[in-house]
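The structure appears right after this line, and notes come after that.
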Protein chains: 10
Amino acid sequence: MTTSQNDLDALSQLGKHAVPPDSPEKATLERVPSPHRGRQYVVRFTAPEFTSLCPVTGQPDFAHIVIDYIPNEWIVESKSLKLYLTSFRNHGAFHEDCSVTIATKLVEVLSPVWLRIGAYWYPRGGIPIDVFWQTGAPPENVWIPAQDVPGYRGRG
Amino acid sequence: MTTSQNDLDALSQLGKHAVPPDSPEKATLERVPSPHRGRQYVVRFTAPEFTSLCPVTGQPDFAHIVIDYIPNEWIVESKSLKLYLTSFRNHGAFHEDCSVTIATKLVEVLSPVWLRIGAYWYPRGGIPIDVFWQTGAPPENVWIPAQDVPGYRGRG
Amino acid sequence: MTTSQNDLDALSQLGKHAVPPDSPEKATLERVPSPHRGRQYVVRFTAPEFTSLCPVTGQPDFAHIVIDYIPNEWIVESKSLKLYLTSFRNHGAFHEDCSVTIATKLVEVLSPVWLRIGAYWYPRGGIPIDVFWQTGAPPENVWIPAQDVPGYRGRG
Amino acid sequence: MTTSQNDLDALSQLGKHAVPPDSPEKATLERVPSPHRGRQYVVRFTAPEFTSLCPVTGQPDFAHIVIDYIPNEWIVESKSLKLYLTSFRNHGAFHEDCSVTIATKLVEVLSPVWLRIGAYWYPRGGIPIDVFWQTGAPPENVWIPAQDVPGYRGRG
Amino acid sequence: MTTSQNDLDALSQLGKHAVPPDSPEKATLERVPSPHRGRQYVVRFTAPEFTSLCPVTGQPDFAHIVIDYIPNEWIVESKSLKLYLTSFRNHGAFHEDCSVTIATKLVEVLSPVWLRIGAYWYPRGGIPIDVFWQTGAPPENVWIPAQDVPGYRGRG
Amino acid sequence: MTTSQNDLDALSQLGKHAVPPDSPEKATLERVPSPHRGRQYVVRFTAPEFTSLCPVTGQPDFAHIVIDYIPNEWIVESKSLKLYLTSFRNHGAFHEDCSVTIATKLVEVLSPVWLRIGAYWYPRGGIPIDVFWQTGAPPENVWIPAQDVPGYRGRG
Amino acid sequence: MTTSQNDLDALSQLGKHAVPPDSPEKATLERVPSPHRGRQYVVRFTAPEFTSLCPVTGQPDFAHIVIDYIPNEWIVESKSLKLYLTSFRNHGAFHEDCSVTIATKLVEVLSPVWLRIGAYWYPRGGIPIDVFWQTGAPPENVWIPAQDVPGYRGRG
Amino acid sequence: MTTSQNDLDALSQLGKHAVPPDSPEKATLERVPSPHRGRQYVVRFTAPEFTSLCPVTGQPDFAHIVIDYIPNEWIVESKSLKLYLTSFRNHGAFHEDCSVTIATKLVEVLSPVWLRIGAYWYPRGGIPIDVFWQTGAPPENVWIPAQDVPGYRGRG
Amino acid sequence: MTTSQNDLDALSQLGKHAVPPDSPEKATLERVPSPHRGRQYVVRFTAPEFTSLCPVTGQPDFAHIVIDYIPNEWIVESKSLKLYLTSFRNHGAFHEDCSVTIATKLVEVLSPVWLRIGAYWYPRGGIPIDVFWQTGAPPENVWIPAQDVPGYRGRG
Amino acid sequence: MTTSQNDLDALSQLGKHAVPPDSPEKATLERVPSPHRGRQYVVRFTAPEFTSLCPVTGQPDFAHIVIDYIPNEWIVESKSLKLYLTSFRNHGAFHEDCSVTIATKLVEVLSPVWLRIGAYWYPRGGIPIDVFWQTGAPPENVWIPAQDVPGYRGRG
Ligand SMILES: [Ca+2]
Ligand SMILES: [Ca+2]
Ligand SMILES: [Ca+2]
Ligand SMILES: [Ca+2]
Ligand SMILES: [Ca+2]
Ligand SMILES: [Ca+2]
Ligand SMILES: [Ca+2]
Ligand SMILES: [Ca+2]
Ligand SMILES: [Ca+2]
Ligand SMILES: [Ca+2]
Ligand SMILES: [Ca+2]
Ligand SMILES: [Ca+2]
Ligand SMILES: [Ca+2]
Ligand SMILES: [Ca+2]
Ligand SMILES: [Ca+2]
Ligand SMILES: [Ca+2]
C-alpha cells in the first residue's frame, strides 16, 4: 500500500508555504497512513538544528536530536515535524522536560508501535546533558541500529 | 558446491552489454544458485550511489543503501542488482516507500532465509530520514555485523 | 508534570553566585523533582574537566567522567553537580576509590532507579586506568546507549 | 600588562545578568584593553550555536562560525560577543551578507590588526554554503593555524 | 550594500516552483549583485549529490563537487545553481570534461575575481578520478581554506 | 602448556624459505598444538592484502579479510596461513564462494571450537560485497569483540 | 572502605625506586585490598607499550594490551603491574602464549570475580594477530564496556 | 574542445574486452587528447589495489598509489592505466624502483606539464616505506591539493 | 654533545620528590644545556592537563596547551615545566593573559631561537577561545609541523 | 638504473639471519645505490615500534618515529635500518638526544640531499615530547608531504 493523493490532500503544510509556528502549542503535527502498514520498520529522524530557550535565563539552548519509531497505522509527515521542532525556538523548558515532551507529543499523534528519543544537548557549565527515553522495550523482531552520536570531548 | 557454467549461461546481463532499465518495473533482478547452499552466511551490498525522484516535486533524492541477507537457495546476481537500483533514477516515491519496496522485491526473487535494508537518505529541510526494515528476527546462529553507517551531523 | 517555581526556590545554588566548595564534604548536591516522574528515562552527564589529587604525591590527577542514571522521584540539579565535581580539586584519593565515591554520593541523594559511572583517567606511568560501576542490572525496558569513550592509544 | 579592575568596571554585561538583545542593532559589543598590547597574538572564537532567519521564508538558518583576529589595542569582551551573536536569532539575512556583517561589526569595534571569519552554514537544498572573509593579508610573523572545519559529506 | 527587493524580483526560480531542467543547455544559471561588493570574500558550495551519465555506456556516474569563488559584482543565486547541477542528471560526458565545463559556465555567468572546482568522482574500475581546476593564481590577500575532501581508501 | 620444540620441528614452512604456492590446492595449511589447550580464547587474523581473480574476466579482485576462531586442540601456524592466503593470487572464484572456501579449509585443518570469517571486498560497479560466515553460535562464555571494519562510503 | 596506610606500607614498589625486573619470573605483582570491597566494579588497564621477543628469531614483538577485571578482595597495585609488563621486554614467547600467560598470572594473584585480556599485536608478515581471553562469562549485573580497539588497516 | 569519436576509435582497450597484460613491458598505456587543452587542470588517480612481487623472495607486496598530473596535450585513458598497473602483479622490483618507474612511464606517454606519484607501501618488518616523486616544481598558478593519505599507526 | 652528569646535578627537581608549587611565582623553571647545541631542532610539549581559575568567579578553567620551541643554548627540564604548569592550578587569570604569560616565562628562561604557544581552552558560554602566539617568524630552514588540534564541534 | 645483484651481494644482513645488535654502536647501517640516482625523490620510513631506555631510571621509553630523506647516491637498506632502530632497545638516552642521534647517523651513512626526523614520544608525567629536526631547507622542487602524526589528546 502506498501513500494516496487523498492522504496528501488532507495535509495543511506539505507543498505549501508554511509560516513557522510561534510555540509548540500552536504547531500542528500531521500524519499520513504508513505506506507498508503490515510491516514493522523503523524510521529515524536526525535533527541537528534544534534550539529552545532556558526557562530561567532566557538564553538559547541547542540540541542534536535523534528520533526513532516503528509506525503502527501512521507515519509523521516530515515537514510538519520540522515545523513542530522549529516551534520550540522561543519556548522555555529544561533539558529533561523538553526532550520527553517532544517524544510524548509524537506518541499522541502517531500511536506508534514503539518510539524513542535521544537528545544530545550542547554543554552549559562545561557539562552537557543527554536525555534518552523510549516507550518501552522494542518488539523483538525489529531491527533498530544504535544512534551512535559521539560523546562530548571538551578540547584537544 | 560452486557456481556452474550452466548457472551463468542462464543470465541475461552479467558479462554482456546491459542498458540501464527505465524503471523498476522494467528491471530484471536475476539470481544464481548459492555456492554453499547448506551454509547460512550473510551477504552485504553497500550502494552509496542510489538516487530516485521526489514524487511531489520531481527533485532528485539520494540515499546510501545497505542490504544484508542470508541466502536460502539463491544469491542475487550482482550486476542485475546494480541495474535494478539504477532503474529508480527516474522513479518517484517517498523515502519510506522506496526503501521497503526494494527489500520486498529482493525477498520475492530470492526467498532468502532473512533480509534487511538500511536506507540512509540525504537531508531535506535539514533533517535526514533513515529507514530500517528486516523480514523478521534473524536466525540465532548466524553472524550479522552492525551496519554502522555514521549519523548525520549538520556542520562543524 | 514539570518543574515548579517552588522546586526552584528551594535550591541554594542555581541562579545564584556560588563559590566552589573546598572539599567534597562541604559540597551540597541538590535535587529537584523529576519532570516526568512516571517515566523511566536516562540522563547522562559528561564531565571532561574532572581533577583531583594523588593521595600519595599530591600531584594532580585528571579524568573524563560520564554518569548515566534513571531518575526515580528526583533529578540532580546540574549546577550543584558541577560544584560537587569541582570540589574534588584539592581532594586526594585513588582512582578506583574516587570514581565509586562519586557514584555512591549520587545514589544517596537521588535514590535513582539505576545509576552507573565511567571514569576514564589520564595515563600515569604510560598506563591509564578506567573504572566502571553500576548499581546493578538496568531495568529491561529502558534504553541506555553505550558511553563509547575512545580508548587510549599512546602515540602515532 | 594585564586587565585592570577599571577595565572591567566599565563593562555593562560581564558578571551581570544580561538579557539577550532583540536584534544586532540593539546589541552592544564591548571591548577591554588587550592584556599584552605589544604582542601580536591570535584569538579564535568558535561559535557552533549560531542561528538566524532566512529573509525570504522566515525559516531558521544555522551556522558554525569561527572568528580569528589579532588585537591591536583592544580585545572583545567574550560575553558581549556571545550576546551579539545571539541577537541574530530573529534577524533575517542571506548567508553571504550575514557572515560579512558580523566581521564588519567586529572590525569597527576592535580596529584589529587583522581579522577573518569562516561561516559554515548548514545545508539547504542539499548544498551548504561556506563564506570566508579576512580584512587583508595577515602580518607575516604571526602564527594563524588553519580553521580545519570538516567539509560537508552528505550521507554514508 | 545588501541584496535589494529588485534584485530578487528579477529572479525566475528562487521562491518559485521550479521544474528541474532536462539538460545543462536548458538550465538558467542566475545571479544577484554581491551584497558586499567592495570586499573579496570566498563563497564555497559543496554538492555531494552530483550525478551524470557515462557518454559511452549510459551508466550513471557520481561525484562529490566543491566550488570556491571570489565574487566580483555578482554572486550566483543558489537555487539556480542547484538546478543547473541537477540538469546533468541525464547528460553524458567524461569526468575531466564535465568538471571543467561546470566551472567554465560559472565563470561566464559570474565573471568572478577567481574560481576553482574540485570534482571527486566515485570509483570506476577500482580507481577514482579527481579533477582540480582554477582560473589562475588566487589574489594574494584573500583567505581560501583547503577543501580537504578525504581520499579514497578502498576497503578495510 | 606451551609450544614444544617437537611441535615446531614438524613444520615445513616456519623459519624456512618458503615459495608462495601456485594455487590453494597446492598450499599446505599447518598447525601446532594450542599453547593453553584447556582454555577457550579467540585468535583473530587480519589480512588486508588478500587478492584473487574474477573467474569470468580474469581481472584481479581485492579483499580485506578478518578471521576469528576459538582453538580446540590446534592453532594454525601463521606463516602457513599467510602462504595459503597468498595462494589465491592466481585463483579465480566468486566473492561468496572464495570467502566461505577459506573458512571451510581452516575448519578442516583445525577442527576449532568455533570459527568465523568476514570478507570485505573492494567495490566493483560501485557496490562492494561483504560476506560473513561462522560455524554456528559461539560458545556463551567466550569473549569475541566485534570486527568493526568500517563500511564503504563512496566519495566525499 | 578506603585503602589504609597499612595496606600501602606493605608494598615494595609503590612510591619507591624500583628497578625493572629482568624477567616475568623475577617480577612481583602486588595487590592491595579493594577500596569498595562489597561492590562489583570493573577496572581497565590500557598498556600501549608492551614489548617482548620472538622465541624463534629474538626479534622484538609489540602489542597494545587491554585488561579488564572485576576485583574480589584485591585490586592490583598499578606500579607493580607496570613493572610486571615491562619484565617481558627480554622474554621470548609466542603471541597466543604470552597473552594468556599475563592473564593467568593476574588471576593467580588477584582471584578476581572475572578477568579478560585483549592483546592486539603489531603485524608480522602483513597479518596481525589479536588474542582475546576471559575467565568465563562475566557476572550479569556488572557493566563492562567494549574495548573498541580499532582494527588493522594496512595502508591508504 | 571535447573528446571526439575519432579519438575513441583509436583506442585498443576502452569499451572492449581486455585481458590483463602479463608484465609492464607488455602493457599498452594509451592516451586521448585533453578535453580542455588550453587549461591547466590536475587529474588525480587513486589506486588502492596495487600489487607487485618482491624481487628477492617472490612474496607479494602491496601499495596504495596516488598519481597527480597536469595534462599538456594528452590525458591518459583510464582503462589502459588500470591495466598497466595490474601488469605489475607478477613483476618483481624494489619499492623505490617500482614507484618511480610507474611515474617515468606516464611521463613518457603523456609529456605532461607536471606529474607526481605518492606510493604508500604496506609494512614489511613493521616499517612501511613511502615514496614521493614529482617531475619538478609545479606551475605556480595551478591548484594541487595535498594527497593526505594517513600515516601508518601500528596497533591500538 | 650530550647532557652531562654536571648538568643534571644542578637540577633541584628532576629525580627528586617535588611538591607542586602553590603559584606560578613560586615555581622554578629549570634548564639544561641543549644536547645538540649547534642544531636547530624543534621540541614540542603537549599538555592536555592544564587548569587555572577564572579571576572573576573563581571557577576552574581548563585548557589543552601545545608549546613548540627551537632551543638556542638551553632546553627546558621537563619535570620543572610540568610543575610550572601545575602551579597555575590555584591562579586566576584571563585566557589571553594566561596563555601569553606562560610563553613569556619560557622565553625568559630559555632565550630560545623561536617559541610559540597554542592554548585551546574548554568552552564557556558555548564558545571556546583559542590563543596563538609566537615570538616572531620562525627561522626559514627549520621544520615545524602544524599543531593540528581539532576544532570544537559542539554536539552531534 | 636499478639495483644490481652486485649491490645486494655486498650486504651483510638482507636475506640472511640477522641477530639484533646489542647497542647502536654495534649496529651496521647499510646502503645500496639509489635506483634512480638522477632523480630527487623522497623516501619515508614509519617506525611505530621504537623503544629505548631512560638514562636516569632505566625505565623503557617508547616513540613513534618518521624519517624522510632525499637520496643522493645511496638509499638505506631497510632491514639494516630496522636492526639499527632495534639496537636502541637497551640503550639509555634523553628524548631530544636520541632523536637527533638517529638522524645524524643516517646523514653520515647516506650523505643524503636532505633528511628530517619526527620523533613522537609516548607521554611521561602526562606531557609527551615531540622532536623535529631536518638537515636544512629542503630543495625547492621536491615534493615532501606533511607527516601528519596526530597530536596527543589525553583522555575522552
Ligand atoms: Ca558504538
Ligand atoms: Ca583534552
Ligand atoms: Ca558501532
Ligand atoms: Ca555543529
Ligand atoms: Ca603507535
Ligand atoms: Ca587540514
Ligand atoms: Ca555517500
Ligand atoms: Ca585495506
Ligand atoms: Ca558523498
Ligand atoms: Ca564498536
Ligand atoms: Ca588500502
Ligand atoms: Ca590536510
Ligand atoms: Ca599503539
Ligand atoms: Ca551538531
Ligand atoms: Ca594536517
Ligand atoms: Ca578530555
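A, B, ... follow the sequence lines: proteins, then strands. Residue 1 opens every chain. The analysis underlying the following values was restricted to heavy atoms, covering all of them including side chains, and did not include hydrogens, waters or symmetry mates. Every value quoted in this text rests on a predicted model; they were computed, and no experiment measured them.
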Q. Chain J heavy atoms under 4.5 Å from I:P150: which part of the residue, side chain, backbone, both or neither?
A. side chain

Q.
Only pairs of heavy atoms separated by less than 4.5 Å count here; which of J:G125, J:A103, J:G151 has the most with chain I?
A. J:G125

Q.
To the closest 0.5 Å, what do you measure between CZ (I:R44) and OH (J:Y152)?
A. 15.5 Å

Q.
For I:P48 versus J:G126, what's the shortest heavy-atom pair and its separation?
A. CD-O, 3.5 Å

**Q.** Residue pair I:R39 / J:T104, side-chain donor-acceptor N/O under 3.5 Å
**A.** yes

Q) Tell me, do I:F45 and J:I129 make a side-chain contact under 4.5 Å, heavy atoms counted? A) yes

Q) Relative to chain I, which segment of J:Q147 carries a heavy atom at a distance below 4.5 Å: side chain, backbone, both, or neither? A) side chain

**Q.** Nearest heavy-atom neighbours spanning J:R153 and I:H64
**A.** CA-CE1, 4.2 Å

Q.
Could you tell me if the side chain of J:I127 sits less than 4.5 Å from the side chain of I:L85, heavy atoms only?
A. yes

Q: Mind ranking I:N141, I:V142, I:I144 by heavy-atom pairs under 4.5 Å with chain J and telling me who comes out on top?
A: I:N141

Q) Is the shortest heavy-atom distance from the side chain of J:H95 to the side chain of I:S78 under 4.5 Å? A) no

Q: Please report the closest heavy-atom contact between I:W143 and J:W133, naming both atoms and the distance.
A: CE3-N, 4.0 Å

**Q.** Choice from I:P145, I:P139, I:A47 maximising heavy atom contacts with chain J below 4.5 Å
**A.** I:P145

Q) Which atom pair, heavy atoms only, marks the closest approach of I:H36 to J:E96? A) CD2-O, 4.3 Å

Q | Contact origin within I:Q40 toward chain J - heavy atom pairs under 4.5 Å | A | backbone

Q: Flag the pair J:D130 / I:V43 as yes when at least one side-chain heavy-atom distance between them is below 4.5 Å, and no otherwise.
A: no

